[in-house]
Amino acid sequence: MNATAAIGVTGLGVMGRNLARNLARNGYTVAVHNRTAGRTRALMEVYGDEGTFVPAETPEDFVAALERPRRLMIMVQTGEVTDAVIGQFAPLLEPGDMIIDGGGAHFADTRRREAALRARGIHFVGAGVSGGEEGALEGPSIMVGGSSEAYDSLGPMFEAISAKVDGEPCAAHIGSDGAGHFVKMVHNGIEYADMQLIAEAYDLLRQVAGYTPAEIADVFRRWNEGRLGSYLIEITAEVLAHTDPVTGAPFIDVVADAAGQKGTGRWTVQTALDLGSPVTAIAQATFARAASGRRELRAAYSGLPGGTRPPLSRTEAERFTSQVEHALYASKVIAYDQGRQVIQDAAAEYGWKIDLGTVARIWRGGCIIRAAFLDRIRAAYAFDRDLVSLLGEMEFAMEITDAQVPWREIIASAARRGIPVPAFSAALAHYDTLRADRLPAALLQGQRDYFGAHTYRRTDCPGTFHTHWTAPVRSETTA
Ligand code: 6PG
């Protein structure tokens, strides 16, 4: 077998197959391998003429087909399967070779694998690939971790196959070891929040404005032309405009209202809890999915009293729709700011040097949360690399100020009507928490000191204190 392939892809499920096709279409010689050889043969039969593929039916032939330094991309199930495939190929590689994991691995697994393979002189690169099957074929957003040396070798290839916005590739080196998979995980967390906020906006327009799904589809199409323009808003209009071919009813009305989740949003929340990073909008979106699936619990609550209010007039509905747009936009800014924060908190924790402007730049295209809005974030970081919060950028701050009244009215209206808006509410509560002069956390400290002698600090002098709460009550400095 001549070593002619610039890269190899093992694991030819739809994502792996489409990435291999994308690479071949971009002029790279691509070795292809799959545990069951039938998939390799099928790729060659159907897509073999799209570029230069080198089919290999054994791991040894697959590795032998790779030019040095070898670049071997694995596209298999996360977890044990990935570890098994690494164990199968690593012994066949030499120092300086690269293994790229393009699956959706947990960043902690990627950090572990990178350290173990680095000890053998092999680069392990965790690459978050976003954009689904179509993105993998036509141009994904690729968030690449691992060493900068590996990116020097892989970067041109990934940038060539990635989505492009304004001629710029939506692929970049994010940071060392698990940084790429971490940022992909946060992308998915933001995706959960984005989708939940859109769903809550839909629910309000349906239940309060009294619009039909088709009318709401038109609203989303209109919003897609403005500051909310994004892939998720675009597809929402399509989903809401769709009529179920079986019943002739609006498609949305025949879909079971129990949301699934493969888990990457959950990982974001779990990790943020460990980092002490308040991703409350992402958390509420994740819990909202869980609650929607609790059939028995929902049945127990069903019929219990909630709020009621008369439907709006058509004129009031139009005003309400404008208010929902403000609330959706403001809540989205907060959700993205929370995602930004957890990336910064993780970078500090794990020693990654992550440029948030680069993250925003490569999220502008190819990925699921791609949106015009991300160009604003990219520009904000280009202007001020050390921006502490999106709300530190004047235009975002002005938009949030402009949204204050409608944002609060929408949430109040939903509460009065008994309509759940957990992500809207979490985003507003986060905003109010961070802008508050005094928080009730002071009382928490008093309670904790009372029952657990956990001490507290004072506003008027340094040190930590404990009060003896049983008579005679007295306070003492503990440090
Ligand atoms: C992407 C998508 C992809 C997956 C979602 C859905 O970036 O291409 O986010 O990773 O389709 O994670 O996962 P859930 O089942 O958790 O919604």
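All values derive from a computational prediction rather than experimental measurement. One-based numbering along the sequence shown. Order of listing sets the numbers, starting from 1, for every ligand and every atom in it.
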Do the side chains of [X] and [Y] get close enough for a salt bridge, i.e. N-O under 4.0 angstrom?
X      : Y      : result
Asp203 : Arg206 : no
Arg370 : Glu234 : no
Arg227 : Glu325 : yes

Do [X] and [Y] make a side-chain contact, defined as non-hydrogen atoms from C-beta onward lying under 4.5 Å apart?
X      : Y      : value
Val208 : Arg417 : yes
Met157 : Leu23  : yes
Ile362 : Met143 : yes

Task: Met185 contact mode with ligand 1 (heavy-atom cut-off under 4.0 Å) - done: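 No part of Met185 comes within reach of ligand 1.
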- [ ] Ignoring angles and geometry beyond distance, decide whether Gly131 reaches within less than 3.5 Å of ligand 1 through its nitrogen or oxygen atoms.
- [x]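 It does: an N or O of Gly131 is found under 3.5 Å from an N or O of ligand 1.
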For ligand 1, which atoms sit closer than 4.0 Å to a heavy atom of [X]?
X      : value
Arg289 : 14 (P), 17 (O)
Lys262 : 4 (C), 6 (C), 11 (O), 13 (O), 14 (P), 15 (O), 16 (O)
Gly132 : 8 (O)
Asn188 : 5 (C), 7 (O), 9 (O), 10 (O), 12 (O)
Gly263 : 16 (O)

Open item on the list: Please identify which of these residues, Arg378, Arg364, Arg361, meets the salt bridge (Lys or Arg N to Asp or Glu O under 4.0 Å) condition with Asp166.
Closed with: Arg364
Task: Identified side-chain hydrogen bond (donor to acceptor under 3.5 Å, both in side chains) partner of Glu114 from the options Arg118, Arg111, Arg112 - done: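 In the set Arg118, Arg111, Arg112, the residue that makes a side-chain hydrogen bond (donor to acceptor under 3.5 Å, both in side chains) with Glu114 is Arg118.
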Task: Candidate with minimal heavy-atom separation from atom 5 (C) of ligand 1, of Glu191, Glu133, His187 - done: Glu191
Open item on the list: Could you work out, for atom 10 (O) of ligand 1, the closest of Gln261, Arg370, Met195, Lys184 by heavy-atom distance?
Closed with: Lys184
- [ ] Give a yes/no on ligand 1: does Gly265 have at least one heavy atom closer than 4.0 angstrom to it?
- [x] no
TODO: Check whether any heavy atom of Gly104 sits under 4.0 Å from an atom of ligand 1.
DONE: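 No, Gly104 has no heavy atoms under 4.0 Å from ligand 1.
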Task: Protein residue, atom and distance nearest to atom 7 (O) of ligand 1, heavy-atom basis - done: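 Here the closest protein heavy atom is Ser130 OG, 2.6 Å.
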Open item on the list: Quick test: of every protein heavy atom, which one is nearest to atom 16 (O) of ligand 1, and how far off is it to 0.1 Å?
Closed with: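 Ranking protein heavy atoms by distance from atom 16 (O) of ligand 1, first comes Tyr192 OH, 2.4 Å.
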TODO: Fit a plane to each ring of Tyr350 and Phe107, take the angle between them on a 0 to 90° scale, and name the class: parallel (under 30°), tilted (30 to 60°) or perpendicular (over 60°).
DONE: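 Perpendicular, since the angle between the ring planes exceeds 60°.
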